[in-house]
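Below, chains carry the letters A, B, ... as their sequence lines are ordered, and counting in each starts from 1.
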Amino acid sequence: MHDLRAIRDNPQAFDDNWARRGLSAQTPAILALDEERRAVQTDMQELQQQRNEKSKQIGQIKSQGGDAQAIMNEVSGIKEKLADREERERILAEELNAVLSALPNLLADDVPDGPDESANVEIRRNGEPPRPNAALQHFEIGEKLGMMDFETAAKLSGARFVLMHSGLARLERALAQFMLDTHTGEHGYTEVSPPLLVRDDAMYGTGQLPKFTEDLFQTTRGDWLIPTAEVSLTNIVADRILDTEELPLRFTAWTPCFRSEAGSAGKDTRGIIRQHQFYKVEMVCIVAPDKSNEEHERMTDCAENILKKLGLAFRTITLCSGDTGFCARKTYDIEVWLPGQNAYREISSCSNCWDFQARRMKARFRPKGTKETQFLHTLNGSGVAVGRALVAVLENYHDPSDGGVFVPDVLKPYMGGIEKLLPASGA
RNA sequence: GGAGAGAUGGCAGAGUGGUUGAAUGCACUGGUCUUGAAAACCAGCAAGGAUGCAAGUCCUUCCAGGGUUCGAAUCCCUGUCUCUCCGCCA
């Protein structure tokens, strides 16, 4: 959501910024609507004032035992006109809101311009990408281990689901546990176990609604399945006015995520890279406006630290204007090296949403010593996607000599003594 | 699923048709006092919006949406949520 007064003050800045995302000039229509609405509103308020004043007079006259019939009739007349203005005002406000809530966040100045992912800019690399001669893809490794079963999953649920068992199921859980423990123990995050089903309001607050319904699953009673724990975690502060001392808030959660993947037909159809359901450890930070840039870097470090500890090579990129998401002002993607694909693939996305989501969900705070409230800044990042981390571990720790997979050192404490997954081991 | 109670400002909690945007307490802000602090005392303190150079004026909001009325936090209807008791249940 956008600050209407800021748009009034400097419409060109908004149009220029939106142009970087490929949008045509939006402010003329917005300003026209806004102007009309304010005119109607002023009119409406004047009538309301008259009604209020006269009603008070009636009260005074009646309390003195007088006859107020004449004024009462007068107010009845005002009410008819008023109803018309109120209706028009309501419609205009709704239209304005519809336009504003469908427009993406402004981009930070240092976001590189470009039409799509080809223009993203790499900012650093970590680790040496292993490039074995005949690297297998994760699903080949998983199936040879006999622990990754797409057929059964398809029988149960259709395409884009997987069933894993034995050591592989445990390895997935170990990854999640390790990530949570690291974020809570070393990075200062508070672990949260949130609802996975949320209302419209929550989805609106974090920007999934009203524009992106086709990406979501909805229950028969109208709740939405979260596509990321960002929704649950960020909306914790919806409709609240926080004290400065409460900030920053740092939440982490390990949850399933549900995505319809409409429009991604044909993409990543094999394996578990793109599923309707996957686990992700999410990080969400709620901070004062002057702290969000710094927090964005910190959060990205936290995600990178997970990959470093897992011994996985990765690179970090800044998304360009055309690739940056709806809510984000700036986004870093972290891409992990996958030998089986001979490529870096996204495993985390860390975004600074500035006050964009906070405005939508009315999340504010009161800076110490002031009376005014201000919108908070919200940030979210994967820390990291568990399914894709599993892919990375399989491909990077694969032992071609026996088809096994070594357990990374940091996961060993979670594996109950298993140091290597082996085919048909039943481990 | 059955029966009942409730939803008020940052928090707690009064308020059942007419200067109630809302008592009181806590928290918070400023001041007095104090070497400093605490305590005590005094004062201020809801949010959002329109209008105005400004001071200010005005409007809306007491869960949400309808309705009754000249006038609604207060009455009526619907919905949502919370709590209590009973039943069922991971």
Side-chain angles (χ1 to χ4, degrees), chain A residues 1-9 30-97 99-101 193-205 209 218-224 232 235-247 249 256 286 288 355 357-376:
Chain A
M1 188 52 71
H2 297 280
D3 181 357
L4 197 47
R5 274 183 289 197
I7 295 177
R8 264 179 231 152
D9 290 346
I30 294 170
L31 292 177
L33 260 177
D34 176 46
E35 201 171 317
E36 189 183 354
R37 188 184 73 94
R38 276 150 67 205
V40 173
Q41 188 179 14
T42 304
D43 216 19
M44 174 187 84
Q45 292 184 350
E46 219 165 273
L47 290 168
Q48 285 170 330
Q49 183 184 355
Q50 288 176 27
R51 179 202 59 194
N52 292 348
E53 279 173 0
K54 295 204 190 291
S55 291
K56 264 179 202 168
Q57 285 176 26
I58 292 167
Q60 285 167 357
I61 292 170
K62 286 205 161 182
S63 68
Q64 292 160 13
D67 177 14
Q69 195 55 46
I71 305 186
M72 283 165 69
N73 293 342
E74 214 178 315
V75 177
S76 294
I78 294 173
K79 272 179 53 173
E80 279 174 40
K81 259 193 282 182
L82 182 57
D84 168 70
R85 299 307 141 83
E86 284 178 335
E87 177 66 4
R88 275 182 65 200
E89 198 277 339
R90 191 186 59 78
I91 290 169
L92 287 167
E94 224 165 67
E95 279 178 34
L96 190 57
N97 197 50
V99 174
L100 285 175
S101 63
S193 175
L196 308 180
L197 266 52
V198 301
R199 306 161 163 287
D200 291 1
D201 292 349
M203 284 294 187
Y204 178 83
L209 294 182
Q218 188 172 28
T219 69
T220 51
R221 46 165 254 180
D223 314 283
W224 303 91
S232 304
N235 276 286
I236 288 173
V237 295
D239 267 314
R240 287 183 57 192
I241 300 175
L242 301 175
D243 290 326
T244 308
E245 300 81 63
E246 298 177 70
L247 303 172
L249 289 171
I286 313 291
D355 62 0
Q357 295 178 323
R359 281 181 191 281
R360 290 178 158 246
M361 64 176 105
K362 298 185 176 60
R364 295 159 291 176
F365 82 114
R366 207 182 302 277
K368 196 154 181 62
T370 69
K371 289 184 192 171
E372 319 279 282
T373 60
Q374 265 184 53
F375 288 106
L376 291 157

Using purine N1 to pyrimidine N3 plus N6-O4 or O6-N4 for Watson-Crick, or N1-O2 and O6-N3 for G-U wobble, both under 3.5 Å, which nucleotide pairs with [N]?
N	answer
B:A22	none
B:U68	none
B:A27	none
B:G17	none
B:C85	B:G2
B:U57	B:A50
B:U35	none

Please tabulate, one pair per line, each protein N/O and nucleotide N/O from nucleotides 18-21 of chain B that are separated by under 3.5 Å, including the distance.
unit_1, atom_1, unit_2, atom_2, d
B:G18, N2, A:S55, O, 2.9

Contacts of [X] that satisfy side chain to side chain contact (heavy atoms under 4.5 Å, CB included) - sequence neighbours left out:
X	answer
A:E86	A:M44, A:Q48, A:L82
A:A288	A:L247, A:D290, A:K291, A:F365
A:D243	A:E245, A:E246

- [ ] Decide yes or no for A:E80 and A:D84: does some side-chain heavy atom of the first lie under 4.5 Å from some side-chain heavy atom of the second?
- [x] no

TODO: Flag the pair A:L376 / A:D355 as yes when at least one side-chain heavy-atom distance between them is below 4.5 Å, and no otherwise.
DONE: no

Listing, residues 193-204 of chain A side-chain donor-acceptor contacts under 3.5 Å, not counting sequence neighbours, or none:
unit_1, atom_1, unit_2, atom_2, d
A:D200, OD1, A:W224, NE1, 2.7

Open item on the list: Can you measure A:K362 atom NZ to B:G9 atom P for me and round it to whole angstrom units?
Closed with: 16 Å

Phosphate-side-chain proximity, [X] and [N], N/O vs OP1/OP2 below 4.0 Å:
X	N	value
A:R90	B:G65	no
A:N52	B:C70	no
A:R366	B:A46	no

Open item on the list: Can you pull out the residues from residues 71-82 of chain A that lie within a 4.0 Å heavy-atom distance of RNA chain B?
Closed with: A:M72, A:V75, A:S76, A:K79

Task: Integer angstrom distance from the C1' of B:U20 to that of B:G13 - done: 16 Å

TODO: With P as the reference atom in both, quote the distance from B:U8 to B:A12 in angstrom, rounded to an integer.
DONE: 8 Å

Considering residues at least two apart in sequence or located in another chain, which fulfil the side chain to side chain donor-acceptor pair (under 3.5 Å) criterion with [X]?
X	answer
A:K362	none
A:D43	A:R85
A:E36	none
A:R364	none

Task: Summary of salt bridge (Lys or Arg N to Asp or Glu O under 4.0 Å) pairs that have at least one residue in residues 48-60 of chain A, sequence neighbours excluded - done: A:K54-A:E74

Just the atom pairs and distances: protein N or O near nucleotides 50-52 of chain B's N or O, under 3.5 Å.
unit_1, atom_1, unit_2, atom_2, d
B:A50, OP1, A:R8, NH1, 3.4
B:A50, OP1, A:R8, NH2, 2.9
B:A50, O2', A:T42, OG1, 3.0
B:U51, OP1, A:R38, NE, 3.2
B:U51, OP1, A:R38, NH2, 3.3

TODO: Could you check whether A:R51 gets within reach of a base, just the sugar-phosphate, or nothing at all, counting any heavy atom under 4.0 Å?
DONE: sugar-phosphate

Task: Residues A:R38 and A:E35 bridged, charged N to O under 4.0 Å - done: no

